[in-house]
Amino acid sequence: MDRQKQLAADNRRLGSILPWILSVSISPLLATILLCSVWNLAGRAQSGERAGLIHASTARQGMNSLADSESRLKPTQMPTHSPLQRTSAMRQGIHSLSDYRFLTQSIPPVARIRQGRQVSLNGRILPLAWTQQPTNNTSTNLRTWIADVGLMQSAGVDLLNTADSTKQPVQWFSVSLTNAQSLTARSTGAYRYLDITDFAKLAGWQISIDNNLLKITSQPANVTGIRQAARETGDRIVLDLDRAAPWQVNIVDTPSPPPTDDPTKPAIPLQASPPAPNLETPDDPTKPALSQPLAPDRAIASQEWSIAIDAKVDRTLGERIFATSQQLRSLKIEPAGNQTKVKVQIPLGWRPQVFSLGNPNRLVIDIRPDSLVEKDIAWAAGVRWRQQYQNLGTARFPVYSLEVNPRQSGVKIRPLLSNPPTEKGSAALLQTAEVSGTGAAINAGFFNRINRLALGAIRRDTKWLSGPILNRGAIAWNDRGEFAIARLTLQETLITPGNQRLSVSQLNSAYVTSGIGRYNLDWGATYTPFSDDEIVVTVAGDRVIGQSPGGAAGKTNFPIPGNGYILALRSDLSPASQLAAGDLLRLETNTIPADFNRFPYILGGGPVLVQNSRVAVDAKAEGFSDAYVRQTAIRSAIGRTAAGNLLIVAVHNRAGGAGPNFAELAQILQQMGAVEALNLDGGSSTSLYLGGSLLDRPPSTAARVHNAIGIFIQP
């Protein structure tokens, strides 16, 4: 009773003091002190309320910050998701913030955590996650944190190798923070943030906040000289600066290649002959539609890249005539207000390698075929980010990879759809990953680019969203860290009252062949015929309800019963006579290998690359044509090491040449320690995402994809 009286008295005092504070003009410092006292008083009054922790992987669209694991917020002050964000999160199996209870707030209002998803860097608006928060619950000393990969790509701050995911050494012109001075890093699920507070002071950056926009302004800089030099590996351009300045690399124009080609790959012209007959399935996007020569028969085209640096340049420097070479087709220096843009025309397959040096400040641009900067970074507990070259004979392949320990507490691996919960859709991997809240992701299985439906296995929570096709390779896993990679077939058989056995060709599949297709609610609410003159059979409660003519393809929607399924009879319509209304059907379902049926998550690709530590490519066994097998392209792959870790890999064009074929890709995965490995959709689809950014390519060059594999990281 005494406790209740005390709480009532505290509340009365709070009610009497607060209006006075708000109505009286007082100094900011005094207001802060008074508000702190009032806030702590209110906190005592609520000391018996519910408490809980924020689930890091639920926070999306700028909501996931270091606050997720460290701050204490009142429910009424927690930022809320929009309905779309909540729906997207729940579709991916993520709880919304409202599913959790929060600890009471002890931080004064003036020191509340602020966060956002945009940064203004010298006026350039960048999609970059940030958060600002006090050092602790009682401090007014604010610290500013920015997503690490985005900071590197947007400002040129080089992330150096580290074996400690909580410490990130960096180098930026003469600012070199290594060992004990390394930036503090914290993973929050979708991002790994770096505390740039002290770095910004050394770099001369001014930081402010305008609503949800973090503003960074660097000190005005000037380009004082431009030098060129020929090197054995290519050409070098050096910009002399009077002080350090942020810089960024962009691709200027992008060719429009076929889906399996890399826009930065040396162009191979198509022959002028008429289209060759397809050797694969009509809906398989991996086939070459036209025959291709194995080597180019014309000069390799070039591509323009732009290196923008936040420094002014004297117009006379920009008017200079610069030397060119076989690799450096042109060099232009363009003043752009407070920026200088260095534009280079270089061969497809080459990229500018850009880095900064200090004392004196210089920006170095090397034009070379092997532009990859090698890295080995412990990104989060159980996640290692590597960039390295893998050598096959004289060929050097740049490889971007993540090694994930699936047994690490908090690490979950899930299939992602671009437009959940529907099966139909496509989007850039960057967008799919951001909406889902995953920390890392790679594009996954094949799909039809016209109707935007999957062409291969997708199983989530034991439900077949799309069935396997053509005995193609697939990867299966569970939350215990167990994986399997093999060629996969789903066998379904309908048994009629007359004991006739009818084979089902596909389950929930956009791959259309003669036979019987089966569609249940995991496909969607309705089925629309893929081909003309199908017979649509409705089954509910294992009993045939009736048959209907499908009519013209794509015209009529047939409801899928909640306790049954639709059978689509195509081309061969003879089974219709054995599926009369009222017939009771039995359904047998098996996977080959049988072991795959115990895994709740499956994603298809193909071909299988490695089994039992040996190269095991048999593309014909998976329905791929010889022409496709010989084709070179940048590629995505996934594998398992002997230690049980997952390898997520993007392999780009070899130095000075084209990407790998399947045999080369298998050898690369084998070298990296894979005992099992699977090829995924490749070419322009290949995209490797980490912490808000693509690691392996400019976003403008990445094609839209249907599905992906996401790595969710919960601290």
Side-chain angles (χ1 to χ4, degrees), residues 66 119 121 128-133 135 141-188 191-207 216 218-219 221 238-249 309-310 353-366 370-389 398 400-403 439-440 690-693 695 715:
L66 300 175
V119 171
L121 179 55
L128 184 54
W130 62 273
T131 183
Q132 193 177 77
Q133 68 178 83
T135 304
N141 178 29
L142 297 179
R143 311 293 294 182
T144 302
W145 305 72
I146 291 183
D148 59 346
V149 182
L151 179 66
M152 177 184 72
Q153 295 179 348
S154 301
V157 178
D158 192 17
L159 307 182
L160 307 179
N161 293 345
T162 178
D164 184 351
S165 63
T166 68
K167 295 293 182 182
Q168 181 57 63
V170 298
Q171 190 273 326
W172 190 73
F173 294 98
S174 58
V175 180
S176 180
L177 299 178
T178 60
N179 301 323
Q181 294 181 315
S182 297
L183 302 187
T184 300
R186 289 176 182 170
S187 298
T188 66
Y191 302 100
R192 178 176 180 250
Y193 287 98
L194 302 181
D195 183 350
I196 67 161
T197 310
D198 298 330
F199 169 86
K201 294 176 182 177
L202 294 173
W205 292 1
Q206 298 296 319
I207 296 178
I216 299 176
S218 65
Q219 295 178 348
V238 179
L239 274 67
D240 296 316
L241 304 167
D242 61 355
R243 67 174 66 250
W247 53 268
Q248 185 179 40
V249 179
I309 184 166
D310 293 348
Q353 184 187 85
V354 187
F355 57 94
S356 63
L357 296 173
N359 300 317
N361 293 307
R362 289 152 289 162
L363 189 70
V364 181
I365 304 169
D366 279 346
D370 53 346
S371 60
L372 179 70
V373 177
E374 296 196 333
K375 295 185 182 299
D376 190 347
I377 293 174
W379 193 79
V383 180
R384 180 184 180 188
W385 161 26
R386 284 183 292 179
Q387 298 180 180
Q388 61 192 20
Y389 278 97
Y400 303 78
S401 68
L402 301 175
E403 184 171 353
L690 182 66
S693 302
L695 292 178

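FYI, side chains are in, hydrogens and waters are out, and symmetry mates aren't considered; it's all heavy atoms of this structure.
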query: Out of Thr135, Asp195, Thr131, which one pairs with Arg143 under the side chain to side chain donor-acceptor pair (under 3.5 Å) rule?
result: Asp195
message: Under a 3.5 Å distance rule, please check whether Arg192 uses its side chain to pair with a backbone N or O of Asp148 as donor and acceptor.
response: no
- request: Step by step, work out the side-chain contact (heavy atoms from CB on, under 4.5 Å) result for Asp158 and Val170.
  value: CA-CA 5 Å; Asp158 192 17; Val170 298; over 6 Å; no
field: Heavy-atom closest contact (Ile377 atom, Asn161 atom, distance)
entry: CG1-CA, 4.2 Å
task: Check whether any side-chain heavy atom of Asp366 lies under 4.5 Å from a side-chain heavy atom of Ser371, and answer yes or no.
output: no
- prompt: Measuring from Leu121:CG to Ile146:CD1, what's the distance to the nearest 0.5 Å?
  reply: 8.5 Å
- request: Can you measure from CG (Leu151) to CD1 (Ile216) and round to the nearest 0.5 angstrom?
  value: 7.5 Å
- request: Report, as yes or no, whether the 6.0 Å neighbourhood of atom CD on Gln206 holds more than 12 heavy atoms from other residues, nucleotides or ligands.
  value: no
task: Please answer whether the main-chain N or O of Leu160 pairs with a side-chain N or O of Gln168 as donor and acceptor at a distance below 3.5 Å.
output: yes
task: Verify the distance criterion only: is there a donor paired with an acceptor across the side chains of Gln171 and Ser176 at less than 3.5 Å?
output: no
- prompt: Which one of Thr197, Thr184, Leu183 satisfies the side chain to side chain contact (heavy atoms under 4.5 Å, CB included) criterion with Trp145?
  reply: Thr184
query: Which pair of non-hydrogen atoms, one from Val364 and one from Leu357, has the smallest distance, and what is that distance?
result: CG2-CD1, 3.9 Å
Short N-O contact, Arg243 and Asp310, less than 4.0 angstrom: no
message: Quick check for you: to the nearest 0.5 Å, what is the distance between Leu241 atom CG and Arg362 atom CZ?
response: 10.0 Å
query: Atom CD1 of Ile196 and atom CH2 of Trp205: how far apart are they, to the nearest 0.5 Å?
result: 6.0 Å
Ser356 side chain vs Phe173 backbone, donor-acceptor pair below 3.5 Å: yes
field: Least distance between heavy atoms, Tyr400 atom then Leu695 atom
entry: CE2-O, 3.5 Å
query: Got a second to check how far Leu128's CG is from Tyr191's OH, nearest 0.5 Å?
result: 9.0 Å
query: To the nearest 0.5 Å, what is the distance between CG (Asn359) and CG (Asn361)?
result: 7.0 Å
field: Main-chain N/O of Ala155 paired with Trp172 side-chain donor or acceptor, under 3.5 Å
entry: yes
statement: Tightest non-hydrogen contact, residues Gln353 and Leu372, listed as NE2-O, 3.8 Å
For the student: nearest non-hydrogen atoms of Trp379 and Gly691, plus distance: CZ2-CA, 3.7 Å
field: Minimum-distance pair of heavy atoms, taken over all atoms of Gln248 and Gln153
entry: CG-O, 3.3 Å
Intermediate values then yes/no, side-chain contact (heavy atoms from CB on, under 4.5 Å), Thr188 and Tyr193: CA-CA 8 Å; Thr188 66; Tyr193 287 98; 3.6 Å; yes
message: Would the distance check show the side chain of Ser182 and the main-chain N or O of Asn179 forming a donor-acceptor pair, the cut-off being under 3.5 Å?
response: yes
- prompt: Within the side chain of Lys375, is there an N or O that forms a donor-acceptor pair under 3.5 Å with the backbone of Trp385?
  reply: no
Thr162 and Asp164: CA distance, side-chain angles, deciding distance, side chain to side chain donor-acceptor pair (under 3.5 Å) verdict: CA-CA 5 Å; Thr162 178; Asp164 184 351; 5.8 Å; no
